Amino acid sequence: MTSASTVTATTVNSSNGGHKLNIPKSINGSTLDLRRVDTLRRMYSSNSVKKKAIEVTPSSFVKIRLLGKGDVGKVYLVRQRDTERLYAMKVLSKKEMIKRNKIKRALAEQEILAASNHPFIITLYHSFQSEEYLYFCMEYCMGGEFFRALQMRPGKHLNEEDAKFYAAEVIAALEYLHLMGFIYRDLKPENILLHQTGHIMLSDFDLAKQSSPAGEPTVVKTGSPSIPPAIDTRSCISGLRTNSFVGTEEYIAPEVIKGCGHTSAVDWWTLGILIYEMLFSVTPFKGKDRNATFQSIMHTDVLFPDHPSAQQISSLCKSVIRKLLIKDDQLRLGSKAGASDVKQHPFFKTTNWALLRHQLPPIIPQKSFGADAVNFRQMHESVSLDIEGESLVLTPPGGKNLFANFSSVTLHHDGDDDL
């Protein structure tokens, strides 16, 4: 849920083998409060999520402050009364969703979050509803928005190695989503949160699209005996093609603009835009208005700035950006075997994919003890959504309940009891 203009590991599950992480006691000489790293204890495996009947209601939480807002709802920092644990709670107005025809998106987001179990994807703990609202009770990422972190860097950009690190974590998250049968479709810095340790957490899945049913992954043989076989993630969603015109203006892929239908290749296009923006603090095709931006996306080759900092970018880095930003989605990097194609590009030759979670990220967020929310922008309420309100009747007697398919569920994760 962001203010940006919207036009409408890395193995499977990245399991750590069932072992708890060794949590560092200090970073750069600063003592870490264990409350800041507790969510790293949770184990990520296919069996770690247990669904139970909903165990909370709106009155189970105390609202602390507003973290973000969008066109159909808001995100609050809340504290659960009985456990004292902090969460980010997305509160969506049913009335606004009906008015803006966004019910299917909320249902899709709930399904994706409930099914996902990955260290670089936001964790859902509770989803439930009242008469007026839908609620997503999610992991609170104390590091704040990745976009804000970039804006606070010198020059508002990263050097090549740091950009490579975050690109690798994004690839890991996209690989997992594709294996699960989902296309993300809205990658941008505003939709990436930072865990308090500095690792990324992908959020905002309301534009994601699911393949039904997801295909079975196939194995890609590599040319070198020293490189193990990879997984073809594209095979999981090879049958998914959609004509929806969705995305964020400067990140939209050419095939979306043309309206000829798009596939998972749109996620690799947006990755190319993201890497470019991390390096140069601007997107490559931005025009004076929306039409100019779309014309540039369709017809202009990617160009690199000629200022001194841009001259330090390697040829391999420029190569991966150009290949991700190929306008023909059938020729784009990632179009053949998905994430495996991207990971095998020489730019990522030095990336240790299996140990991404254990590496020290380039950006360590300002130390937070939770409720201070020091890494979030100060936001002021306008008309507040009452997280306990249940007065509005949206379903007339005998009428169809438009939100009947929204799952009210509590998700238990292995390791949570240790917190």
Side-chain angles (χ1 to χ4, degrees), residues 1-4 9 14 21-42 44 64-69 75-79 84-90 118-123 125 138-173 187-204 274-275 277-279 281 355-379 419:
M1 191 170 295
T2 71
S3 57
S14 288
L21 298 180
N22 292 319
I23 301 173
K25 295 182 179 179
S26 65
I27 290 180
N28 295 335
S30 299
T31 301
L32 284 179
D33 189 304
L34 287 180
R35 289 173 293 180
R36 299 181 62 227
V37 291
D38 56 8
T39 51
L40 272 185
R41 291 185 178 182
R42 180 159 58 80
Y44 293 89
I64 297 174
R65 60 161 288 183
L66 180 67
L67 295 178
K69 52 188 175 182
V75 177
Y76 294 99
L77 172 60
V78 299
R79 177 182 284 110
E84 294 295 310
R85 289 192 64 181
L86 296 174
Y87 296 98
M89 180 179 284
K90 180 183 285 191
H118 191 275
F120 302 141
I121 294 176
I122 198 78
T123 302
Y125 288 93
M138 300 173 292
E139 181 174 0
Y140 169 44
C141 295
M142 297 184 196
E145 282 185 353
F146 184 56
F147 175 78
R148 183 173 184 269
L150 284 178
Q151 293 296 303
M152 296 177 68
R153 302 286 287 183
K156 300 182 180 181
H157 64 85
L158 301 174
N159 63 42
E160 183 175 317
E161 284 302 306
D162 292 350
K164 182 193 298 186
F165 176 88
Y166 286 117
E169 294 200 331
V170 168
I171 291 168
L187 181 65
K188 55 184 175 181
E190 294 92 337
N191 283 351
I192 300 172
L193 298 173
L194 288 179
H195 188 274
Q196 51 264 39
T197 56
H199 292 279
I200 67 121
M201 303 289 281
L202 214 57
S203 67
D204 286 296
L274 177 68
I275 296 174
E277 185 172 2
M278 286 193 291
L279 292 169
S281 74
L355 295 179
L356 278 176
R357 290 175 58 208
H358 303 269
Q359 296 176 16
L360 186 65
I363 300 175
I364 303 300
Q366 183 179 347
K367 186 173 182 179
S368 171
F369 292 98
D372 53 19
V374 294
N375 294 304
F376 288 85
R377 292 171 290 173
Q378 287 294 328
M379 303 194 74
L419 301 184

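Keep in mind that what you see is a predicted model, and the values were worked out from it rather than measured. Throughout, numbering of the chain's residues begins at 1 and tracks the sequence.
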(message) Rounded to the nearest 0.5 Å, what separates atom CG in Leu360 from atom CZ in Phe165?
(response) 8.0 Å

(request) Output yes when a side-chain donor or acceptor of Ser203 lies under 3.5 Å from a complementary backbone atom of Ile192, and no otherwise. (result) no

(request) Indicate the atoms forming the closest heavy-atom contact of Leu67 with Ala88, along with that distance. (result) CD1-CB, 4.3 Å

(message) For a quick test of reading the model, state the closest non-hydrogen atom pair linking Ile122 to Met201 and the distance between them.
(response) CA-CE, 4.0 Å

(message) Walk me through whether Leu202 and Phe120 qualify under side chain to side chain contact (heavy atoms under 4.5 Å, CB included).
(response) CA-CA 6 Å; Leu202 214 57; Phe120 302 141; 6.0 Å; no

(message) For Leu66 versus Val75, what's the shortest heavy-atom pair and its separation?
(response) CD1-O, 3.5 Å

(request) Of all the heavy-atom pairs spanning Thr197 and Pro361, show the shortest one and how long it is. (result) O-CG, 3.4 Å

(message) So, taking the atom named CD1 in Ile363 and the one named CZ in Phe146, what distance separates them when rounded to the nearest 0.5 Å?
(response) 5.5 Å

(request) Check the pair Lys164 / Glu161 against side chain to side chain contact (heavy atoms under 4.5 Å, CB included), numbers first and verdict last. (result) CA-CA 5 Å; Lys164 182 193 298 186; Glu161 284 302 306; 3.3 Å; yes

(request) Would you mind checking if Arg377 and Glu145 are paired as a salt bridge, meaning a charged N to carboxylate O distance below 4.0 Å? (result) yes

(request) Quick one: pull up CE in Met89 and OH in Tyr125 and give me the separation to the nearest 0.5 Å. (result) 13.5 Å

(message) Taking Gly370's backbone N and O only, do any of them form a donor-acceptor pair with Tyr140's side chain (distance below 3.5 Å, no angle check)?
(response) yes

(request) Evaluate the side-chain proximity of Pro362 to Leu158: yes if any heavy-atom separation is below 4.5 Å, no if none is. (result) no

(message) Closer than 4.0 angstrom, basic N to acidic O: yes or no for Lys90 and Asp204?
(response) yes

(request) Could you tell me the separation between the CG atom of Asp372 and the CD1 atom of Ile64, rounded to the nearest 0.5 Å? (result) 10.0 Å

(request) Any chance you could measure Ile121, atom CD1, to Leu193, atom CG, to the nearest 0.5 Å? (result) 12.5 Å

(request) Might you point out which heavy atoms bring Ala163 and Met278 nearest each other, and give the distance in Å? (result) O-CE, 3.4 Å

(request) Starting at CD of Gln196, measure out to CZ of Phe369 and round the result to the nearest 0.5 Å. (result) 12.0 Å

(request) Over all heavy atoms of both residues, which pair between Glu160 and Leu279 is shortest? Give the atoms and the distance, please. (result) CA-CD2, 3.7 Å

(message) Quick check against the 3.5 Å criterion: does His199 have a side-chain atom that pairs as donor or acceptor with the backbone of Gln359?
(response) yes

(message) Between Leu194 and Cys141, is there a side-chain heavy-atom distance shorter than 4.5 Å?
(response) no

